[in-house]
Amino acid sequence: MTEVRVRFPPSPTGYLHIGGARTALMNWLYARKTGGKLILRIEDTDAERSTRESIDGILDGLTWLGLDWDEGPYFQTDFAADHLAAADRLLQSGHAYKCFCTKEELDRKRQALLAAKQDIRYDGTCRELTPEQIAAKEQQGLPFVVRFKVPRQSGTVAYDDRVLGRIERRYDDIEDFVIVRSNGKPLYLLCNVVDDIRDRISHVIRGQDHMSNTTRQVLLYEALGAPVPVFVHMPLTLDQQKRKISKRSHGEIVAVQFYRDHGFIPWALCNFLILLGWNPGTEQEIFSREELIEAFSLERIGKVNSVFNYRKDDPKFFTDPKAISINAHYLHTMPIEELGQLVKQDFQAQGLWDDAYDQDRRDWYLSTLDLIRGRFHTTKDFATMGRAYFADDYTIEQKPLKKNILKHPDLRTWLPMLAQRFAALDTFDQQSAETAARELAAELGVKPGIIINGMRTVLTGQLAGPGMFDILVALGRDRVIDRLKNIDGLYTTSEA
RNA sequence: GGCCCCAUCGUCUAGUGGUUAGGACGUCGGCCUCUCACGCCGGUAACACCGGUUCGAACCCGGUUGGGGUCACCA
């Protein structure tokens, strides 16, 4: 059995989006599964649209996702000589011909065909030019493109797709496609094949949107006398309107960068993406990297396009709810030290980081993250909803303010009273604090909940959170007392 | 429009001739409780349609409808 060699060949005309990331992931998994190689190749033959920023963005995105490659990045433009040499060979062997039709002519004909409701296809004007005619046109210095000469015979081109089965297409349905531009630059269809041959690619794993390219490329492989690789066409990822997702029409919500910026855990995003069009045949949905490599197989890639169910402007779910729930799962269960690293990055960016969290406050830092992570969904939540644990400039949210504070004006005196009792305790721990709080409630003749939830609001600004007495310990006596004494501010602000 | 691909809950999906059509997310209800975008329990909800084949079809075949992709001197 020959070595498995797969490739991910993005064109650097925008940032890495989740469709591309998913393709990269599938290729990566197959390479890792089989002990093969993943080649990264930047397809930059469209010089006008390719940018350095885009290349960096794609590389960063892959790196962030944890998808490493074994060779490359190669740049397609570095192999222009190969592409042209191949075009030459095709010309020599009679598999291609020079076409002198101008763009204007072709456009005109195309319009006419369109109007007549005919197939829009090159009519083969230059296909049968005699050597003399060609020489004459070249003598005049007329520009030309190189077209592939599709066999004009009955029958079909075919290949066996690993997910879709046998795919056939009649020669008659394929026009003589252009492989070299009039400016001498080779086109995608050719470059891609030439590069895949040179890189000895064994499996081409790509989206179903390439299917019509594939039949034409099979023709090129045959004309070039090269073995045809195994083709694996994955189903596409669509939006709710069932449109193919693209950076251009969907914007940041489909950019990998967006998920990094919104507190996604890289592998959680991979875990979500792999479930779009693939499943293990068991009911397992959460996979470690090793488990997924083990479980992955081409055979279980589905045929059906899937909908990326992001909800724009939904306050609760800023993207596909399942993606968020998978991210939350990892957030809740991953080793706390690893989470500590991820949160550290965000805290540093937010100005919330304290170097002591890596030193003598490390235990406190990690145990506090562990205490509050249970109801968070992204790593961003620690700096927002969890802010009160790490800084004093946290916000008191409106809902709990109304429900737990303003509704009970007496808290204005009760909470400072509680602060005094906390101050008077010999030891301040979960037990003693709870006893003190409940005793106060009993003496005042109010439900403990009123005191406790009032405290929660003042201390964390949040409606929900961990058990109140765990919070007290995490915050520490001094901060608790400070904040409880300052409850006055809450009433004044809202009255103003 | 031509060519190609596809069709199970709202979404992601399991299912390959006999299942109460399973799971996950969402949603709804209940429980827990000091709170909940925590946890636990439960409910809701799908085989596009029409013909065949068969003792028996979500599964096999044909058609219809529907959806998607692609039709560049982009990749």
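Within every chain, numbering begins at 1; the chains are lettered A, B, ... in the order of the sequence lines, protein sequences first and strands thereafter.
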*Please work out if A/N213 contacts a base, only the sugar-phosphate, or nothing of the nucleic acid, heavy-atom cut-off 4.0 Å.*
base

Which atom pairs link the protein and nucleotides 41-47 of chain B when you take only N or O atoms and keep those under 3.5 Å?
none

*Would you confirm whether A/N183, through its side chain, and A/K185, through its main-chain N or O, come within 3.5 Å as a donor-acceptor pair?*
yes

*asked:* Taking side-chain contact (heavy atoms from CB on, under 4.5 Å) as the definition, give me every residue that meets it alongside A/T333, ordered by chain and number, with sequence neighbours left out.
replied: A/H329

*Scan every strand shown for a Watson-Crick or G-U wobble partner of B/C34, both distances under 3.5 Å, and answer none if you come up empty.*
none

*Letter per nucleotide, 5' to 3', of nucleotides 1-10 of chain B [B base touched, S only sugar-phosphate touched, - untouched; heavy atoms, 4.0 Å]*: -SSSSSS---

*Among all residues two or more places apart in sequence or in another chain, which pass the side-chain contact (heavy atoms from CB on, under 4.5 Å) test with A/T378?*
A/F318, A/N327, A/K380, A/D381

*So what does A/E43 hit on the nucleic acid, given a heavy-atom distance under 4.0 Å: a base, only sugar-phosphate, or nothing?*
sugar-phosphate

*To the nearest angstrom, how far is A/D320 atom CG from B/C12 atom P?*
9 Å

_Please classify the nucleic acid contact of A/R110 as base, sugar-phosphate, or nothing, using heavy-atom distances under 4.0 Å._
sugar-phosphate

_side-chain hydrogen bond (donor to acceptor under 3.5 Å, both in side chains) against A/D123, all qualifying residues, sequence neighbours excluded_ = A/K109, A/T125

*A/K403: what forms a side-chain contact (heavy atoms from CB on, under 4.5 Å) with it, not counting sequence neighbours?*
A/L463

*Heavy atoms under 4.0 Å, any strand shown: does A/R248 hit a base, just sugar-phosphate, or nothing?*
nothing

*asked:* Checking A/S367 now: which residues fulfil side-chain hydrogen bond (donor to acceptor under 3.5 Å, both in side chains) with it, not counting sequence neighbours?
replied: none

*Just by modelled atom types, is the A/V146 backbone N or O under 3.5 Å from a matching donor or acceptor in the A/R181 side chain?*
no

_Set of side-chain hydrogen bond (donor to acceptor under 3.5 Å, both in side chains) partners for A/Q208, sequence neighbours left out_ = none

*Is a side-chain donor or acceptor of A/T395 paired with a backbone partner of A/E397 at a separation under 3.5 angstrom?*
no

_Say we look at B/U64 and B/U44: how far apart would their C1' atoms be, to the nearest angstrom?_
32 Å

*Ignoring hydrogens and geometry, is there a side-chain-to-backbone donor-acceptor pair from A/N271 to A/W267 under 3.5 Å?*
no

*Taking protein heavy atoms under 4.0 Å as touching, what does nucleotides 28-39 of chain B look like 5' to 3' if B marks base contact, S marks sugar-phosphate-only contact and - marks none?*
------BBBBS-

*NA contact type, A/V145, heavy-atom cut-off 4.0 Å: base, sugar-phosphate, or nothing?*
base

Short heteroatom pairs, N/O only, protein and nucleotides 20-22 of chain B, under 3.5 Å:
residue: B/G22; atom: O2'; partner: A/E283; partner atom: OE2; Å: 3.2

*Look at the side chain of A/L238 and decide which nucleotide, out of B/G26, B/A14, B/G68, has an atom nearest to it.*
B/G68

_Test of understanding: with side-chain contact (heavy atoms from CB on, under 4.5 Å), list the residues that count as partners of A/T156, not counting sequence neighbours._
A/E168, A/R170

*If you look at every strand shown and take non-hydrogen atoms under 4.0 Å, does A/L236 touch a base, only sugar-phosphate, or nothing?*
sugar-phosphate

*Reckon A/S182 touches a base, only the sugar-phosphate, or nothing at all at heavy-atom distances under 4.0 Å?*
base

*For A/T13, answer base if it contacts any base atom (sugar-phosphate contacts may also be present), sugar-phosphate if it contacts only those atoms, and nothing otherwise; contact means non-hydrogen atoms under 4.0 Å.*
nothing

Please tabulate, for side-chain N and O atoms in residues 297-305 of chain A, each donor-acceptor pair with protein atoms closer than 3.5 Å (sequence neighbours left out).
residue: A/E299; atom: OE2; partner: A/R162; partner atom: NE; Å: 3.4
residue: A/E299; atom: OE2; partner: A/R162; partner atom: NH2; Å: 2.7
residue: A/R300; atom: NE; partner: A/N279; partner atom: O; Å: 3.0
residue: A/R300; atom: NE; partner: A/N279; partner atom: OD1; Å: 3.3
residue: A/R300; atom: NH2; partner: A/N279; partner atom: OD1; Å: 2.9

_Under 4.0 Å between a side-chain nitrogen and a carboxylate oxygen: does that hold for A/K244 and A/D209?_
yes

_Return the pairing partner of B/U27 with a 3.5 Å limit on both distances, Watson-Crick or G-U wobble; otherwise return none._
B/G43

*Among B/C73, B/G69, B/C25, which is the nearest nucleotide to the side chain of A/P321?*
B/C25

*For B/G43 and B/G23, measure between their P atoms and round to the nearest Å.*
9 Å

*asked:* Donor-acceptor check, side chain of A/Q217 to backbone of A/L189, threshold 3.5 angstrom: yes or no?
replied: yes

